[in-house]
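Quick note: residue numbers are just sequence positions, from 1. Just so it is clear, the structure is predicted and the values come from calculations on it, not from any experiment.
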Amino acid sequence: MEDMLIQSANMEIALWQNFGTGRTANATALLAIVVAVWVAARFSSVSLEKNVNLLGKVFVTAFAVGVFMMGLVVYGNIGGTFEGHAAALAGLDAGNGDIDLGAGSQAFIAYMESGGNMLGKVGGMMMLVAGLGIAVLPLWINTND
């Protein structure tokens, strides 16, 4: 029984280490999205300053929409990291039988089962929608009238 407890603890620790590694990758991807949103807004601003033609507006708009879509993928990957980790911990818990996971792991599983971080999901979506609007709307709506 003691060997099973040690094996379970080692597996749980390994899962948390993998989660930490995944969070580092998630942070890098999130930073890339923030920079990409800024670049899209900057392209739009420079295009307005240069009085770009219709084709230029279409390309800048396509770039901004691509950044938005890429952001959705990154946010999905980040959510998948959390959901996958919770599922792996739940699977370990189910496979352990009478051996319980640590309190932190149990709390994380319950947290993810209740929907996870809704504020982060809404905030991320608001950032992407706002960035898309900041980059695209000035190109197509004339506010000088």
Side-chain angles (χ1 to χ4, degrees), residues 1-50 52 55-143:
M1 181 67 172
E2 188 174 316
D3 284 345
M4 289 283 293
L5 183 61
I6 291 171
Q7 287 178 349
S8 174
N10 285 337
M11 182 61 80
E12 189 175 349
I13 290 167
L15 285 171
W16 279 110
Q17 287 173 334
N18 287 341
F19 182 70
T21 302
R23 295 280 292 148
T24 303
N26 289 344
T28 303
L30 183 62
L31 181 61
I33 290 300
V34 170
V35 170
V37 167
W38 176 80
V39 168
R42 185 68 184 135
F43 282 179
S44 176
S45 175
V46 169
S47 296
L48 287 173
E49 289 172 7
K50 302 282 185 184
V52 71
L55 184 61
K57 288 180 181 182
V58 168
F59 281 131
V60 171
T61 300
F63 181 80
V65 169
V67 166
F68 176 82
M69 293 169 69
M70 186 177 69
L72 291 177
V73 169
V74 167
Y75 288 153
N77 289 344
I78 291 171
T81 300
F82 278 72
E83 292 165 7
H85 184 67
L89 286 169
L92 177 62
D93 192 33
N96 280 345
D98 293 336
I99 301 171
D100 289 331
L101 294 179
S105 294
Q106 291 176 2
F108 183 75
I109 292 168
Y111 175 69
M112 290 307 296
E113 286 175 351
S114 69
N117 184 356
M118 194 55 62
L119 185 61
K121 293 174 184 176
V122 171
M125 185 56 67
M126 287 175 60
M127 185 197 81
L128 289 176
V129 169
L132 182 63
I134 289 167
V136 172
L137 292 179
L139 290 172
W140 300 101
I141 298 174
N142 186 2
T143 58

- Message: Counting C-beta onward and ignoring hydrogens, is there a side-chain heavy-atom pair between Q17 and I13 closer than 4.5 Å?
- Response: yes

- Item | Other residues, nucleotides, ligands: >12 heavy atoms within 6.0 Å of L55 CG | yes

- Task: List the atom of S44, the atom of A135, and the distance in Å for their closest heavy-atom pair.
- Result: OG-O, 2.6 Å

- How long is the span from the CG atom in N26 to the OG1 atom in T21, to the nearest 0.5 Å? 11.0 Å

- Query: What closest approach, in Å, do I109 and A86 show between heavy atoms, and which atom pair accounts for it?
  - Reply: CG1-O, 3.8 Å

- Message: I'd like to know if the side chain of K121 and the backbone of G116 have a donor-acceptor N/O pair within less than 3.5 Å.
- Response: no

- Taking side chain to side chain contact (heavy atoms under 4.5 Å, CB included) as the test, write out the residues that go with L72, two or more places apart. F68, M125, L128

- Item | With S105 via side chain to side chain contact (heavy atoms under 4.5 Å, CB included) - residues at least two apart | E12, W16, L89, L101

- Item | Of all pairs that satisfy ring pair (Phe, Tyr, Trp, His ring centres under 6.0 Å), the ones with a partner from residues 22-48, not counting sequence neighbours | F43-F63

- Query: Does I6 reach the side chain of N10, with side-chain heavy atoms less than 4.5 Å apart?
  - Reply: yes

- Task: Return the minimal non-hydrogen interatomic distance between M70 and A36, and the atom names on each side.
- Result: CE-CB, 3.9 Å

- Note on the structure: Closest non-hydrogen contact found for G131 with V37 is CA-CG1, 3.7 Å

- Query: Which residues pass the side chain to side chain contact (heavy atoms under 4.5 Å, CB included) test with V34, sequence neighbours left out?
  - Reply: M127

- Over all atoms of both residues, closest heavy-atom pair of N96 and S8: ND2-OG, 2.7 Å

- side chain to side chain contact (heavy atoms under 4.5 Å, CB included) against V73, all qualifying residues, sequence neighbours excluded: N77

- Between CG of L92 and CE of M11, what distance do you get to the nearest 0.5 Å? 6.5 Å

- Which pairs with one or both residues in residues 58-68 pass side-chain hydrogen bond (donor to acceptor under 3.5 Å, both in side chains), sequence neighbours excluded? T61-W140

- Note on the structure: To the nearest 0.5 Å, atom CG of N117 lies from atom CE of M112 at 9.0 Å

